[in-house]
Amino acid sequence: MIIESDFLNLDTTYQGVDIDALRDFAAKRLPENFDKLRTQLLRGEFYNATEDRHVSHCLNRSIHNVVTAGNGKNRFCTIVRELRAGKWLGATGKPIKDVVNIGVGGSDLGPMMGSFALKEFADDNSLHHLSVHFVSSMDGGQLYAVLPIVDPETTLFIIASKSFGTIDTLANVDTVRKWIESTLTQEQWLSRHVIGVSANNQAMTDFGIPPAQQLSFAESVGGRFSLWSAIGLPIALTIGSNQFGRMLDGAKAMDEHFANAPLEQNIPMQMALLGVYNREVREINNLAVLPYDGRLRYLPNYLQQLDMESNGKQCDFEGNAIDYPTGPIIWGGFGPNGQHAFFQHLHQGYDKFCADFVAVLKRAAPDFEPAVQEGLAEQQRLAVANCLAHRRLMWFGAENGEARNHYIGNHPSNLLFVDELTPQSFGALIAAYEHKVFTQGVIWNLNSFDQPGVEKGKKLAQEVLKVLDGQSATEFDASTDAIVKRLK
Ligand code: F6P
């Protein structure tokens, strides 16, 4: 069955669950108060009990709300305009040419995915070229690559952190501070080369970021739901505020679809119910996300945080331990390249999986010569043909005599498809996944908006670091102690 919405379509045929069976399943699994909870979510009134705050990312689906959040001024658009026009000058009078977003998790994955996916939709032909880079990892791995190719005098750093306290981000910022020292003073750097994006205004002020360079967003916007807020600044710098606004419009259209479409025609609800069905009835513990358009290659990484940080839990909304399966393991990769790597296992391996194929049917290439345009259009068709073929094979399987040529099949999948990738269809796609995750969280009666499981590891790492730095003599276990000894 194909379900259409303004910007996104879903084909559920190869899930092999007919609509009556799904309706029965929904009647059993969707709680009676689902409509009420959905309305609360869309109005920013859903209550995240463990963090004692409401959940408000859906209120950010309009550029007006993003630009006025916290600061009450049109700061976001002004910053975007000046940087994109080459009018933002560094402390020594040179225009900024490179922007480096330092952030991790929700402060990295969404902005990076969006900037990469929508690059070609930049809304002007400004001659000033701004390059946007991303630095997230605590090992400084990306700094090794970025610092040698940028110039302190013409580089601006976005410090993106909802809490403004994440050690990975602060460690990267610390190294950057050391790097600029030979060229700029700290005062010069802070005055023209840093923008803070955070829900923690006090911490940005304490860090020394001038008020005009602080962009805030509400505490009630979860990190993994924050690309619609000022955290989306790198996307807006890549494509312009108007196009960024169109991405929000696409998400808004999906909010309305989620609110109003009947169950049979409701894309996020179908995705959610089929996902729960695969998890509970078919006992499939993982979902492979397989985009077939290279612009969406970071989608699996993004969805890993969105889904697994939200629904990878064994504690219900009331705080009781639960013993039923909840969110699946999300993995995947760029489909066409996966065909030459992990698809062997998908077609003939032992394990069960379900998949989301994501296809873009057409792609224009107006900037190329006609012959090249034709070649690229043919390649897009080639990718779509492969997407459709592999999806068929995974569902229907194939027998070709010998066992080695046997394709098992019976792997259920969705096909999410758009006619063209645009800021709107991209926004709708991401919002559809958000609402799927929300619906599944409601079905499993868990709080999709907290993440207690990320805390303990951070504390343990501090203890190990103290030993490595010689500040403590704590012993752990033979394996850890051996590595610590070797390092010291
Ligand atoms: O450790 C997990 C987490 O808190 C994510 O939920 C979040 O997106 C990420 O770290 C980064 O947090 P922040 O934006 O506060 O630096």
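Counting starts at 1 for both ligands and their atoms, following the listed order.
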Indicate yes or no: does Asp151 engage Lys97 in a salt bridge with an N to O separation below 4.0 Å.
no
Would you call Lys162 and Glu51 a salt bridge, taking side-chain N to carboxylate O under 4.0 Å as the test?
no
When only distance counts, is Arg224 in polar contact with ligand 1, meaning an N/O pair under 3.5 Å?
no
Contact between ligand 1 and Lys458 is defined here as a heavy atom of the residue under 4.0 Å from a ligand atom; is it met?
yes
For atom 6 (O) of ligand 1, the closest protein heavy atom turns out to be Glu309 OE1, 3.1 Å
Flag Thr169 as yes when one of its N or O atoms lies below 3.5 Å from any N or O atom of ligand 1, and as no otherwise.
no
Go through ligand 1 atom by atom and flag the ones less than 4.0 Å from a non-hydrogen atom of Gln305.
5 (C), 6 (O), 7 (C), 8 (O)
Ring centroids only, cut at 6.0 angstrom: are Phe7 and Phe426 within range, meaning strictly under it?
no
Provide the number and element of each atom of ligand 1 under 4.0 Å from a heavy atom of Val454.
1 (O), 2 (C)
State, without any angle test, whether Asp98 and His133 hold a side-chain donor-acceptor pair at a distance under 3.5 Å.
yes
Among non-hydrogen protein atoms, atom 8 (O) of ligand 1 lies closest to Gly106 N, 2.8 Å
Salt bridge or not for Arg84 and Asp123, using N-O below 4.0 Å?
yes
Do any non-hydrogen protein atoms sit less than 4.0 Å from atom 1 (O) of ligand 1?
yes
Counting non-hydrogen protein atoms only, what is the nearest one to atom 12 (O) of ligand 1? Give residue, atom name and distance.
Thr166 OG1, 3.4 Å
Any nitrogen or oxygen of Gln451, side chain or backbone, less than 3.5 Å from one on ligand 1?
no
Answer yes or no: is there an ion pair linking Glu82 with Lys87, defined by an N-O contact shorter than 4.0 Å?
no
Could you check whether Asp307 pairs with Lys436 (Lys NZ or Arg NE/NH1/NH2 to Asp/Glu carboxylate O, under 4.0 Å)?
yes
For atom 11 (C) of ligand 1, closest protein heavy-atom neighbour
Val104 O, 3.2 Å
Among all the protein's non-hydrogen atoms, which is closest to atom 15 (O) of ligand 1, and how far away is it?
Ser163 OG, 2.6 Å
Centre-to-centre under 6.0 Å for Phe334 and Tyr292, is that the case here?
no
